[in-house]
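Worksheet: one structure, shown below.
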Amino acid sequence: MPELPEVTVITNQLNKKLKGLEIKSIEYDWPKKFHWGEFSIKDLKGAKVSGVERRGKIVIIRLVSGSVGKWDSRKNQKKPTNQPTYKPTDLSILIHLKLTGQLIYQDKKTRIAGGHPLPPLNKPVPNSTTRVTITFDRGKLYFNDMRKFGWVKIIEDKKLEEEDYIKKLGPDPLKMKFDEFRERLKAKRQGRIKKTLMDQSVVGGIGNIYSDEGLWRAKVHPKRSIISLNEAEMKAIYNGVRESFKIAIEKGGSSANAYVDSGGEKGLYLSFGKAYHMTGKPCARCKTPIVQEKMDGRSAHFCPNCQRLK
DNA sequence: TTAAATGTTTAAAT
DNA sequence: CATTTAAACATTTA
């Protein structure tokens with residue numbers, strides 16, 4: 001999916017738009033990946049958005065209780081009643097976009113869209129890839145996912161840290177000091193650098209695009225093992241990943257197709273990319289054609305001259 | 001027609 | 001038991 005920069009961009013925009021909105025209803029045709037846990041639609045109806053944030057690559061829509069009812073604290077579950085359910089704490093909606101997820105919010109005068117570029121982000125919604133629709137008192141949020149790899153989960157705020165994805169998640173490269181970044185990577189020793197960078201338990205938010213981009217900037221071959229990296233190379237990788245993230249966030253994400261920002265403006269292509277999907281194109285530094293090679297089940301793109309294996 | 005795709009989990013093999 | 005690799009998930013597009 002959408003990696004850290006894309007999720008950051010859409011999260012920030014959603015945060016501005018959704019704050020204070022009240023949930024009216026939720027529709028979905030995708031029960032397999034909509035995890036309600038012990039909750040149900042009754043628990044969300046009337047709840048208001050207190051903010052939208054990001055953890056790794058997931059989007060979290062935080063809610064505050066709107067309705068009140070009964071909660072059985074002994075059984076730690078809702079009582080079987082038709083009354084609205086009382087929540088001992090507030091709830092959150094977790095959304096993982098995986099490979100092909102998109103989030104699109106629309107109201108009378110606004111449209112914001114982010115995530116995977118296909119289908120085009122300016123395509124009308126709902127469409128054939130729309131899996132979940134959350135209706136607010138003013139506007140609707142659509143979760144599209146062509147390949148249905150993504151998921152939605154309803155969870156209590158206080159259990160957020162125990163959630164499977166979140167509890168394994170390493171810190172953001174942008175929020176981490178170099179020392180911690182280096183130590184976390186080093187723990188993988190024999191691991192190959194590209195694969196390790198994409199390991200969400202080591203560092204959060206890096207996927208196939210930005211591991212390629214970061215390593216290109218660092219002039220490090222994606223197959224290098226962690227133990228073979230010296231201090232300078234490690235630092236270059238740290239900086240490389242951070243730079244590519246910062247640039248991508250500035251540019252509004254890497255979505256390769258039409259991107260519509262909160263003002264309805266179009267634009268933004270993966271024009272800043274130096275390696276990802278640049279196979280055969282000359283390296284921006286040395287003009288050697290970028291090569292693509294399959295490794296660890298993914299395709300890596302790199303410059304065979306700047307990024308030597310040894 | 002076949003392969004590949006902005007990701008993660010799980011089963012299987014080492 | 002720890003680690004690595006392959007397969008699975010589901011669908012579209014090049």
Side-chain angles (χ1 to χ4, degrees), chain A residues 1-11 29-35 54-59 94-103 113-121 123 127-131 143-153 163-170 187-216 222-223 225-227 241 244-245 247-249 251-257 259 268-280 292-301:
Chain A
M1 84 165 178
E3 303 175 30
L4 183 146
E6 292 75 38
V7 183
T8 300
V9 170
I10 187 64
T11 297
D29 66 346
W30 194 24
K32 197 173 162 190
K33 297 294 191 71
F34 201 118
H35 307 285
R54 176 188 63 75
R55 287 286 208 100
K57 300 177 191 173
I58 63 176
V59 175
L94 276 55
I95 302 173
H96 197 316
L97 277 57
K98 287 285 185 84
L99 259 78
T100 57
Q102 307 178 317
L103 287 172
H116 194 274
L118 292 174
L121 288 166
K123 188 177 179 177
N127 57 53
S128 60
T129 69
T130 303
R131 312 299 176 195
F143 177 19
N144 294 344
D145 188 1
M146 194 167 72
R147 285 171 71 183
K148 291 184 177 174
F149 282 6
W151 48 253
V152 177
K153 193 178 272 191
E163 196 280 327
D164 286 345
Y165 180 90
I166 290 176
K167 74 181 176 200
K168 289 183 207 154
L169 189 62
K188 289 290 175 179
R189 301 193 57 78
Q190 296 291 344
R192 277 159 293 194
I193 184 61
K194 178 178 169 71
K195 187 180 164 61
T196 308
L197 282 173
M198 289 194 287
D199 184 338
Q200 302 302 298
S201 69
V202 179
V203 286
I206 306 175
N208 211 25
I209 293 180
Y210 296 95
S211 58
D212 280 354
E213 294 298 322
L215 289 171
W216 180 88
K223 269 191 175 161
S225 69
I226 301 289
I227 42 171
V241 168
S244 60
F245 271 179
I247 292 170
I249 291 170
K251 303 274 183 186
S254 69
S255 298
N257 284 37
Y259 173 84
L268 278 308
Y269 291 70
L270 188 51
S271 53
F272 52 87
K274 305 291 189 190
Y276 182 76
H277 272 199
M278 297 291 277
T279 314
Q292 179 174 354
E293 194 179 312
K294 200 147 190 180
M295 63 184 74
D296 298 320
R298 306 298 296 266
S299 62
H301 312 73

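Excluded from the calculations below are hydrogen atoms, water molecules and symmetry mates; all remaining heavy atoms, backbone and side chain alike, are included. All chains are named by letter (A, B, ...) in the order of the sequence lines, taking the proteins before the strands, and each is independently numbered beginning at 1.
B:dA4 atom P lies 15 Å from atom CG of A:D212, rounded to whole Å. In this structure, the CG atom of A:N144 is 13 Å from the P atom of C:dT12, given to the nearest Å. Residue A:Q190 contributes atom CD, which lies 11 Å from atom P of C:dT5 at whole-angstrom precision. We find that NZ of A:K33 is positioned 11 Å from P of B:dT9, with the value rounded to whole Å. One atom, CG of A:D164, and another, P of B:dT8, lie 14 Å apart when rounded to the nearest Å. In this entry the distance linking CZ of A:R131 with P of C:dA10 reads 11 Å, nearest Å. Following rounding to the nearest Å, A:K294 (NZ) and B:dA4 (C1') show an atom-to-atom distance of 7 Å. Following rounding to the nearest Å, A:K168 (NZ) and B:dT8 (C1') show an atom-to-atom distance of 8 Å.
At least one side-chain nitrogen or oxygen of A:R192 sits closer than 4.0 Å to the OP1 or OP2 atom of C:dT5. Put simply, A:K57 has a side-chain N or O that comes within less than 4.0 Å of OP1 or OP2 on B:dT8. Residue A:K195 places no side-chain N or O under 4.0 Å from the OP1 or OP2 atom of C:dT4. Between C:dC9 and A:K148, no contact under 4.0 Å exists linking OP1 or OP2 to a side-chain N or O. The shortest distance between the side-chain N/O atoms of A:H116 and the OP1/OP2 oxygens of B:dA5 is not below 4.0 Å. In this structure, A:Q292 reaches the B:dA5 phosphate: one of its side-chain N or O atoms is under 4.0 Å from OP1 or OP2.
If you find the closest nucleotide of DNA chain C to A:G297 and to A:T129, the one lying nearer the 5' end belongs to A:G297.
Between the side chain of A:K57 and the backbone N or O of A:V7 there is no donor-acceptor pair closer than 3.5 Å. Using modelled atom types, no side-chain atom of A:Y165 and backbone atom of A:R55 make a donor-acceptor pair closer than 3.5 Å. Here the side chain of A:N127 pairs a donor or acceptor atom with the backbone of A:T129 at under 3.5 angstrom. With hydrogens and angles disregarded, no donor-acceptor distance shorter than 3.5 Å links the side chain of A:E293 to the backbone of A:A300.
Side-chain contact, A:R147 with A:T100: no donor N or O sits under 3.5 Å from an acceptor N or O. Using modelled atom types and a 3.5 Å distance limit, the side chains of A:T279 and A:Q292 yield a donor-acceptor pair.
Here the side chain of A:Q200 is nearest to one of B:dA5, C:dT5, B:dT8, namely B:dT8. Closest to the side chain of A:F149, out of C:dT5, C:dA10, B:dT9, is C:dA10. Among the nucleotides B:dA5, B:dT8, C:dT5, the one closest to the side chain of A:H277 is B:dA5. When distances run from any side-chain atom of A:M146 to the nucleotides B:dT8, B:dA4, C:dT12, the shortest one goes to C:dT12. Checking B:dA5, C:dT12, B:dT8 against the side-chain heavy atoms of A:S299 singles out B:dA5 as nearest.
Heavy atoms of A:K32 sit under 4.0 angstrom from primed sugar atoms or phosphate atoms, though from no base atom.
Rounded to a whole angstrom, the distance from the C1' atom of C:dC9 to that of B:dT1 is 22 Å. Comparing the same atom, C1', in B:dT8 and in C:dC1 gives a spacing of 23 Å after rounding to whole Å.
The side chain to side chain contact (heavy atoms under 4.5 Å, CB included) with A:L215 is formed by just one residue from the set A:K223, A:H301, A:K194; it is A:K194.
For the salt bridge (Lys or Arg N to Asp or Glu O under 4.0 Å) test, no residue two or more places apart in sequence or in another chain qualifies with A:R131.
At a cut-off of 3.5 angstrom, the base of B:dA5 holds no donor-acceptor pair with the side chain of A:R298.
Consecutive Watson-Crick or G-U pairs involving DNA chain B, each under 3.5 Å on both distances, make up stems of three or more pairs at B:2-5 with C:11-14, B:7-14 with C:2-9.
The OG atom of A:S299 sits 7.5 Å away from atom NZ of A:K294, with the distance rounded to the nearest 0.5 Å.
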